[in-house]
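First up is the structure itself, then whatever we jot down about it.
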Protein chains: 2
Amino acid sequence: MATLKEVAKAAGVSPSTASAALRGLNIVKPDTTHKVIDAASKLNYHINLSARALRSGHTNIFTLIIPDLENDFYAKLANSLADALFIDGCRLIIQISQYDSGKELELVKQQSSSLCDGLFICSTSNTATTIQGAAGDRPVLLFDDMSAPEEECYDSINTTSQGGMYALIHHLQQCGRKRIGIVGVNELAAKNGPRYLGLTLRKRRYAYALAALEQLYGSSEGSAINADWSVESGITTAHELVRQGMPFDALCCMNDQLAFGIMRGLAETGVNVPDDVAVTGFDGVNAGGFTTPTLTTMAIDFAGMAHSAVSMMRRQLELRESSSPMIPQHVIVGSRLLARESTLGRTASTGFTTR
Amino acid sequence: MATLKEVAKAAGVSPSTASAALRGLNIVKPDTTHKVIDAASKLNYHINLSARALRSGHTNIFTLIIPDLENDFYAKLANSLADALFIDGCRLIIQISQYDSGKELELVKQQSSSLCDGLFICSTSNTATTIQGAAGDRPVLLFDDMSAPEEECYDSINTTSQGGMYALIHHLQQCGRKRIGIVGVNELAAKNGPRYLGLTLRKRRYAYALAALEQLYGSSEGSAINADWSVESGITTAHELVRQGMPFDALCCMNDQLAFGIMRGLAETGVNVPDDVAVTGFDGVNAGGFTTPTLTTMAIDFAGMAHSAVSMMRRQLELRESSSPMIPQHVIVGSRLLARESTLGRTASTGFTTR
DNA sequence: CTGAAAGCGCTAACAC
DNA sequence: GTGTTAGCGCTTTCAG
């Protein structure tokens, strides 16, 4: 391995000049830069990033902590983020928390600031303050931060729970549905109703769904259905609802995985989607385009999400540089309704589409 | 940030002793180790990994290059590999090649050996020798290496194309199917037949499928169907086959994505799976457990795959350490038949199962 | 078993 | 614009 010193000697300049030239700094004369670049490629020089990181204090590596890569939502998020960072010449380390909030905190602690310039976290249940305890003073950006307003200490990027739930329920109303079940509420919230928009994405989406029901139907009586956000939970929930005589003509699921499970469970029990029951999801993962029926859902703008995430992280880094105080920002990413067969019926669609 | 020097001073030892103690080397007296660890935690010490990497020459970071994270196969692979590496205290950087062999090579080149200890590559179409040109002398492990035998210069881990295709076709035979189409062959191979088990996974699986057909049915006439390994391609292929009067009673697809597309396309044209046509996939991704019908497929042992990958990488690293010559190893990972509704019929299954 | 000294390869600060 | 100097924080000799 050639070192910078050797390149500098070959180009007839000093190491610092060579360094500046290779980094494309404008303070170097064009032909000096040229000489250096030539020498570097002749010697097949590759920078030693550990040395640069040690000296400069940053690595251009970021870490994303997510519960799971097999869930399409997180896979899409990771994919988009990796792409967005790559454009900026940065790399992404992915760490899996396996839906375990303890392991998640452990991972946050482990990301020594010497290795990664910033953390993107998709937390299952930790609040911003909890994470701050583990992260120390490293830059952090949260996806769907569920902290109470007073503890929102980090930038966050949020899915359009409010607009999304409203759009879906409005769509179901336009399809003529009268009794809409909101699927994916957690047990306590289902029993007591949401006190505030707090602490979990499930509660938040539930609250907004109730609000939309109130607004559009004038009531949200008996519409909450307790379920995990997983395929398995969807299947057992569907069976249970059928056993109860299916008191709904539409099931508005809080994410796509759950909707897939609901659709599967309904198919197993001979209930037709959407003739008997319409189903909607949330996220817009790919599988919704090829299930039978295809799934009506809110498609999150993942590319936009990743783009915002990267530029917000940059902002944090710059503020830190100038040691300005950082006032957390919160962005809500766009999404749009994908109306497909699970609400419109099978004739309405013309095959595979993510549009 | 506390440094090792400070920890050492606080513990009343020298930096080198502190370093050894923190790394758990046995050469340090137990109570010295204790003192050091205490001091470190008291000072909230975190090692600077850049400095360690610069000095020691390795980072415990590995890179996985894959075409895409949204494809469930790669997502599972990435997930398993991240887990397997995590157990060893290593981290994984994921880089997306977007199915572009040029970008893939570019990514390989960019992984400066100072940043990552080794490369795991899931190549779309580059051969081992091509990759070697870009990788230089860094450790590399290939998934489903399609190089001709004479250029297999790296360790590789391969899916059970031979056993898998045989098992699937045997299963279809047992289900009473007479005319089996092999879906997902590329155009040239479909026309000319495979000359050798060469150069692409598609050709390889095709060749083994033909061999199985010959062996089990005595002929493989007219069984190759040209298609990409994607959902979209599956849909158009299904429509095309129906237009031709569907000359098959079973379609053996070379991966799950393609099978999902085929099933979707058949549903759109009113063909019943499996009553009219049985369908099989390959890989065993999660979605196959909740489509209607659920998909019969060969489920790859992803955990085993990742485990082997990590231990083979370790071996390469050790050989390199002792500067022994490295003789490439090739492992074939296990997989097993998941017989589900797309061949057995809808009554056969009892809901969601990945078993 | 522990300590002293050297240096991994780079960039930042400053002098010219 | 360019060169000189110093040192980031750690690990690795090697001496005791």
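Keep in mind it's a predicted model, so treat the numbers as computed, not measured. Chain letters run A, B, ... following the sequence lines, proteins first, then strands; residues in each count from 1.
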message = Check this one for me: any side-chain N or O of Ser14(A) less than 4.0 Å away from OP1 or OP2 of dG3(D)?
response =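 Checking dG3(D) against Ser14(A), a side-chain N or O does come within under 4.0 Å of OP1 or OP2.
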Could you grab the distance from atom [atom1] of [X] to atom [atom2] of [Y], nearest 0.5 Å is fine?
X: His58(B); Y: Ser50(A); atom1: NE2; atom2: OG; value: 10.5 Å
X: Ile27(A); Y: Thr33(A); atom1: CD1; atom2: OG1; value: 9.5 Å
X: Asn158(A); Y: His330(A); atom1: CG; atom2: NE2; value: 8.0 Å

In whole angstrom, give the distance that lies between atom [atom1] of [X] and atom [atom2] of [N].
X: Ile27(B); N: dG3(C); atom1: CD1; atom2: P; result: 12 Å
X: His58(B); N: dC10(D); atom1: NE2; atom2: P; result: 15 Å
X: Leu115(A); N: dC10(D); atom1: CG; atom2: C1'; result: 14 Å
X: Leu22(B); N: dC10(D); atom1: CG; atom2: P; result: 9 Å
X: Lys9(A); N: dG9(C); atom1: NZ; atom2: C1'; result: 15 Å
X: Arg23(B); N: dT12(D); atom1: CZ; atom2: C1'; result: 8 Å
X: Lys5(B); N: dA5(C); atom1: NZ; atom2: C1'; result: 12 Å
X: Asn26(B); N: dC1(C); atom1: CG; atom2: P; result: 9 Å

task = Give me the ring orientation class for Phe62(A) and Phe120(A): parallel if the planes are under 30° apart, tilted from 30 to 60°, perpendicular past 60°.
result =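 Because their plane-to-plane angle lies in the 30° to 60° range, the rings of Phe62(A) and Phe120(A) count as tilted.
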Donor/acceptor link under 3.5 angstrom from Thr3(B) side chain onto base of dG9(D) = no
message = Can a donor-acceptor pair be found, under 3.5 Å and without considering hydrogens, that links the side chain of Asp117(B) to the backbone of Asn60(B)?
response =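 Yes; judged by distance alone, with no hydrogens or angles, the pair exists.
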Under a plain distance cut-off of 3.5 Å, with no hydrogens placed, do [Y] and [X] share a side-chain donor-acceptor pair?
X: Asp68(A); Y: Asn79(B); answer: yes
X: Arg23(A); Y: Ser19(A); answer: yes
X: Gln95(A); Y: Thr63(A); answer: no

key: Nearest listed nucleotide, side chain of Ser19(B), among dT11(D), dT2(D), dT11(C)   =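 Looking only at side-chain atoms, Ser19(B) lies closest to dT11(D).
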query = What are the residues of residues 41-57 of chain A, sorted by number, that bring a heavy atom to within less than 4.0 Å of DNA chain D?
reply =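 Of all residues in residues 41-57 of chain A, the ones placing a heavy atom under 4.0 Å from DNA chain D are Leu54(A), Arg55(A).
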query = Is the number of heavy atoms from other residues, nucleotides or ligands under 6.0 Å of Asp31(A) CG greater than 12?
reply =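 Yes.
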Angle of first-five versus last-five pair axes in the helix from dC1(C)-dG16(D) to dC16(C)-dG1(D), to 10 degrees =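 Here the helix ends are tilted 30° relative to one another.
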task = Please tell me which of Thr32(B) and Leu4(A) maps to the more 5' nucleotide of DNA chain C, matching each residue to the nucleotide holding its nearest heavy atom.
result = Thr32(B)
